[in-house]
Amino acid sequence: EARAFLLKSKIYRFCAIVLGGIGVLVFVFFYQHNQGTSFFMVFKEPLAIFVILLPFIASFVFSFLASGAEAKAKKFFDQK
């Protein structure tokens, strides 16, 4: 059972890193796309804000899930 928690934590952590990287790439894309104009004009569009923040929010959730799985695995190992 502890092995399953460790595997889940590694998968969640990997997903968090990938989604964080995607978030950075989306941010860079919006930055490069609006380089000629004021970058802060992007933030007037609610959809643009959502698209920029979505990967970071998902990354945060996966990181939180990974922390929980690691804590459960640690508790399991401490019992034995």
Side-chain angles (χ1 to χ4, degrees):
E1 189 171 325
R3 178 179 268 171
F5 285 129
L6 285 175
L7 181 62
K8 281 182 184 181
S9 74
K10 296 298 180 192
I11 291 171
Y12 291 153
R13 190 70 65 192
F14 176 75
C15 289
I17 291 170
V18 167
L19 287 171
I22 290 172
V24 169
L25 291 176
V26 168
F27 181 79
V28 168
F29 171 77
F30 274 107
Y31 182 77
Q32 289 293 327
H33 183 69
N34 294 311
Q35 195 170 12
T37 62
S38 174
F39 175 70
F40 296 105
M41 294 297 286
V42 172
F43 295 111
K44 289 185 177 181
E45 291 287 329
L47 183 62
I49 295 170
F50 179 73
V51 168
I52 289 172
L53 291 180
L54 184 65
F56 292 114
I57 293 169
S59 178
F60 174 75
V61 169
F62 274 113
S63 181
F64 182 74
L65 290 173
S67 298
E70 287 172 358
K72 287 180 183 178
K74 185 177 184 219
K75 188 188 329 180
F76 186 79
F77 282 127
D78 288 343
Q79 288 176 351
K80 291 198 173 206

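The analysis underlying the following values was restricted to heavy atoms, covering all of them including side chains, and did not include hydrogens, waters or symmetry mates.
Residues passing the ring-ring contact (aromatic ring centres under 6.0 Å, His included) test with Phe29 are His33, sequence neighbours excluded.
For residues 50-66, the set of pairs meeting the side chain to side chain donor-acceptor pair (under 3.5 Å) definition, not counting sequence neighbours, comprises Arg13-Ser63.
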Problem set entry | Audit row: Tyr12, Leu7, side chain to side chain contact (heavy atoms under 4.5 Å, CB included) steps and yes/no | CA-CA 9 Å; Tyr12 291 153; Leu7 181 62; over 6 Å; no
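Leu47 and Ile52 fall within the same hydrophobic cluster, where Ile, Leu, Val, Met, Phe, Trp and Tyr residues are linked whenever their side-chain heavy atoms come under 4.5 Å apart, directly or through other members. Hydrophobic clustering of Ile, Leu, Val, Met, Phe, Trp and Tyr side chains at less than 4.5 Å, counting indirect connections, unites Phe62 with Ile57. Following chains of ILVMFWY side-chain contacts shorter than 4.5 Å, one cannot reach Phe64 starting from Val61, and the two form parts of different hydrophobic clusters. The cluster map of Ile, Leu, Val, Met, Phe, Trp and Tyr, joined by side-chain heavy atoms under 4.5 Å apart, puts Leu6 and Ile17 in different clusters.
Closest non-hydrogen pair, Phe56 versus Val24, comes out as CZ-N, 3.6 Å. Counting all heavy atoms, side chain and backbone alike, Leu19 lies closest to Pro55 at O-CB, 3.4 Å.
Summarising the geometry, atom CD1 belonging to Ile11 is positioned 12.0 Å from atom CG belonging to Leu65; distances are rounded to the nearest 0.5 Å.
Crowding of Phe60 atom CZ: a count of heavy atoms from other residues, nucleotides or ligands under 6.0 Å not exceeding 12.
Phe30 places none of its side-chain heavy atoms less than 4.5 Å from the side chain of Leu25.
Checked against Phe5 for a side-chain contact (heavy atoms from CB on, under 4.5 Å), the options Lys75, Lys10, Lys72, Lys74 give a single hit: Lys72.
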